[in-house]
Amino acid sequence: MCGIIGYTGQRRAIPLLLQALKRLEYRGYDSAGIAIVEKGTLQVFRKKGKIKELEQELEGKEWVTSFGIGHTRWATHGIPSDHNAHPHCDCQKTIALVHNGIIENYKSLKEMLLREGHVFSSDTDTEVIAHLLEGEGSPKERLLRTVSLLEGSFALCILFTEEEGVLYGVRKSSPLILGVGEGEYFLSSDIPAFLEYTRSAVLLDDGEVVRVDRSGFTVFDFQGQAKDKKPITIPWDPVSAEKGGFKHFMLKEIHEEPRVFEDTLAGRIDFHKQTVALEELENLPFSSVRRVTIVACGTACHAGMLGKIYLETLARLPVAVEYASEFRYQEPLLQDTLVIAISQSGETADTLRAVELAREQGARILSVCNVLGSSLTRISDWVLYTRAGLEISVASTKAFLGQVTVLLLLSLFLGEKRGVLAPERQESLLRELLSLPRKMNQILKEEQSIHEIARQYYRHQNFFYLGRGLLYPLALEGALKLKEISYAYAEGLSAGEMKHGPIALVGPDLVSIVLVGEGERRIKMLGNIEEIRARQGKIIAVASENDTEVKEKVDFFIPIPPTSEFLSPLLAIIPLQLFAYYMALERGCDIDQPRNLAKSVTVE
Ligand code: M6R
């Protein structure tokens, strides 16, 4: 989705803005632009395509200003083009602004402005804001007047040539953060844009405006009333925004999974008492929770599906899992229900709307989130952070692992609090948890054999991912990973459903990735393998390293160190992510920024 950066300070603005826009590339975009004020004159540059096109446009320009704004656009209103790219300006070219979100009433506003004689130069909803900002009064007065007319979601960063060095930021239902440096300030939709300069930040809330110059900042509400806001320290290390020797962020992030797992557990297990200790949930009314509804999108929803099995088995709570984009239009019955919202970014529009609906219905909200201070965490009653660190690749990998880990901990915690979890089961799972980082590393060491399998199959276009029980959500997740970054068609299936229709597609051209667990479901999976073999389908199996029977029946075998069935998804996910990665690599895809996708989906 779109990304915003604004800067006022002492550094040269153009290289800084370009660098910040590159840091925002991972969000997904189709055009980019910057605006600066040089010797009192507004200069605007906008280009369709990648930031390097914009860089070429700016080559040889010697401007020294230390004040400007920039944007990466992901088209909603108007095709990707130079003229639709942000920043947008007023008629006199004295105001420039960038916008994330959607102005829902832009049509009626545009009609009004056209009647007044304004001339538009783009097809965007955003441009109306620049024209509304024209007129009488100080920039602040005009801004407050304009904001009162806007409906929809908007994070804005605005500069006026009459106030050089001053930036205005506005936040409503779309994130905006103020980075606070020494005599310099950054306004951005995303922390990575300024992380290399400062880790001190003010998280703006909905309905807030910030005015910032080189000497300080003031925050006020949409009525102009001052608000007291203090900076917080961002826990992320600037190095996490670098690839660290890996070819892609995705590969780096997969390799970080053992560490993410350990960090997510840290301080949450009392090894002396052999229990899970979640301080964050101290005042959660355990006894009044009768049901759980999980809402999430994409990968986070697959983590939620695993969470359902954990919560039902370990905490004996009935759980429904809903795509947030469906749930938000339903009329849910949420009496005595704890709603768990899962989101890496904490900014996914559908998940936020689902939570708002749940709140209106009186539900209490527990969020599982990766981004400190994100919108989701601020509308939740309780937050369990996943501690995956900054995830840059659009394809979510380590955050998924963090989400599943948190949901497992939560299930153990609630199981014990509700008195339904046998202490021996809890102890054995906790003991086994400790061995997982070593086993994850063991899988990562075998990545070249997964690369080899990808080399064999990268020309194939159709893939099934088959799993049962806990490995069914994993099949969905494996398929999602493959399709989003390699553009191969992949379908995740509950293996038992195969014979009810999908088996019609099985033949020599179809590759099936079969996830084989233990126990009674294993026998059924062997049956699936035979059914595929009988139709000459290709098979890659992911199974326990001891499962020689499976190994003999399939084309390729990816061994997983033995572990409890409950914990197996935390290991089996790694080869699925690696396979998707190497498939995309062999197919020459843009792995960290797949086409049409965005890191956080802030439109509904
Ligand atoms: O930030 P969120 O976890 O709320 O994002 C939800 C989905 O948009 C996200 O998981 C998406 O499916 C990823 N591209 C998956 O890799």
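Since this is a predicted model, take the numbers as computed values, not measurements. Nothing fancy with the numbering, it's 1 onward along the sequence. For ligands, and for the atoms within them, numbers begin at 1 and follow the listed sequence.
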Enquirer: Of A324, A303, S345, C297, which has the heavy atom at the shortest distance from atom 6 (C) of ligand 1?
Expert: C297
Enquirer: Check step by step if salt bridge (charged side-chain N to carboxylate O under 4.0 Å, His left out) holds for R171 and E208.
Expert: CA-CA 6 Å; R171 175 187 166 134; E208 287 182 345; over 6 Å; no
Enquirer: My understanding is that only one of L471, L571, I558, V516 makes a side chain to side chain contact (heavy atoms under 4.5 Å, CB included) with V542; could you say which?
Expert: I558
Enquirer: May I ask you to check whether S343 has an N/O atom sitting below 3.5 Å from an N/O atom of ligand 1?
Expert: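 S343 vs ligand 1: N/O contact under 3.5 Å present.
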Enquirer: Which ligand 1 atoms are under 4.0 Å away from a heavy-atom of S396?
Expert: 15 (C), 16 (O)
Enquirer: Specify whether Y581 and H248 have parallel, tilted or perpendicular ring planes, treating 30° as the upper limit for parallel and 60° as the lower limit for perpendicular.
Expert: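 Taking H248 first and then Y581, their aromatic rings stand perpendicular (interplane angle over 60°).
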Enquirer: What atoms of ligand 1 come closer than 4.0 angstrom to any heavy atom of G298?
Expert: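 The list of qualifying atoms is 12 (O).
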Enquirer: Using a distance-only test with no angle check, is there a side-chain donor-acceptor pair under 3.5 angstrom linking T233 and R199?
Expert: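 R199 and T233 do not have a side-chain donor-acceptor pair below 3.5 Å.
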Enquirer: So if I count the atoms of ligand 1 from 1 in the order they appear, which ones are less than 4.0 Å from some heavy atom of T299?
Expert: 10 (O), 12 (O), 15 (C), 16 (O)
Enquirer: Checking side-chain polar atoms at under 3.5 Å, does Q344 have a donor or acceptor matched by the opposite partner on T386?
Expert: no
Enquirer: Do me a favour and list the nearest non-hydrogen protein atom to atom 8 (O) of ligand 1 with residue, atom name and distance?
Expert: V601 CG2, 4.0 Å
Enquirer: Identify, by atom number and element, the atoms of ligand 1 in contact range of A395, meaning under 4.0 Å from any of its heavy atoms.
Expert: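 Counting atoms of ligand 1 from 1, those under 4.0 Å from A395 are 16 (O).
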Enquirer: Using non-hydrogen atoms of the residue, decide whether L597 is closer than 4.0 angstrom to ligand 1.
Expert: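 The answer is no, since L597 has no heavy atom less than 4.0 Å from ligand 1.
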Enquirer: Stepwise, does the salt bridge (charged side-chain N to carboxylate O under 4.0 Å, His left out) test hold for D381 with R359?
Expert: CA-CA 10 Å; D381 299 289; R359 287 201 83 100; 3.4 Å; yes
Enquirer: Using a strict cut-off of 4.0 Å, indicate which atoms of ligand 1 neighbour a heavy atom of A300.
Expert: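 Per the distance check, 3 (O), 10 (O).
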Enquirer: How far is atom 3 (O) of ligand 1 from the closest protein heavy atom, and which atom is that?
Expert: Q344 N, 2.6 Å
Enquirer: Considering the heavy atoms of K481, write down every atom of ligand 1 situated less than 4.0 Å from one of them.
Expert: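 The list of qualifying atoms is 15 (C), 16 (O).
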Enquirer: For E262 and R259: C-alpha separation, side-chain torsions, deciding distance, then whether salt bridge (charged side-chain N to carboxylate O under 4.0 Å, His left out) applies.
Expert: CA-CA 5 Å; E262 286 174 334; R259 196 224 4 103; over 6 Å; no
Enquirer: State plainly whether the residues E25 and K50 are in salt-bridge range, i.e. N to O under 4.0 Å.
Expert: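 Salt bridge: no.
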Enquirer: Which atoms from ligand 1 have a heavy atom of V394 less than 4.0 Å away?
Expert: 13 (C), 14 (N), 16 (O)
Enquirer: Nearest heavy atom to atom 2 (P) of ligand 1: which of N370, V368, D350, T348 does it belong to?
Expert: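 Of the listed residues, T348 has the closest heavy atom.
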Enquirer: For Y582 and E447, which I'm curious about, is there any donor-acceptor pair between the side chains at under 3.5 Å?
Expert: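 Their side chains do contain a donor-acceptor pair, which is all the 3.5 Å distance test asks for.
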Enquirer: Which one of H302, M250, E484, Q403 has a non-hydrogen atom at the shortest distance from atom 13 (C) of ligand 1?
Expert: E484
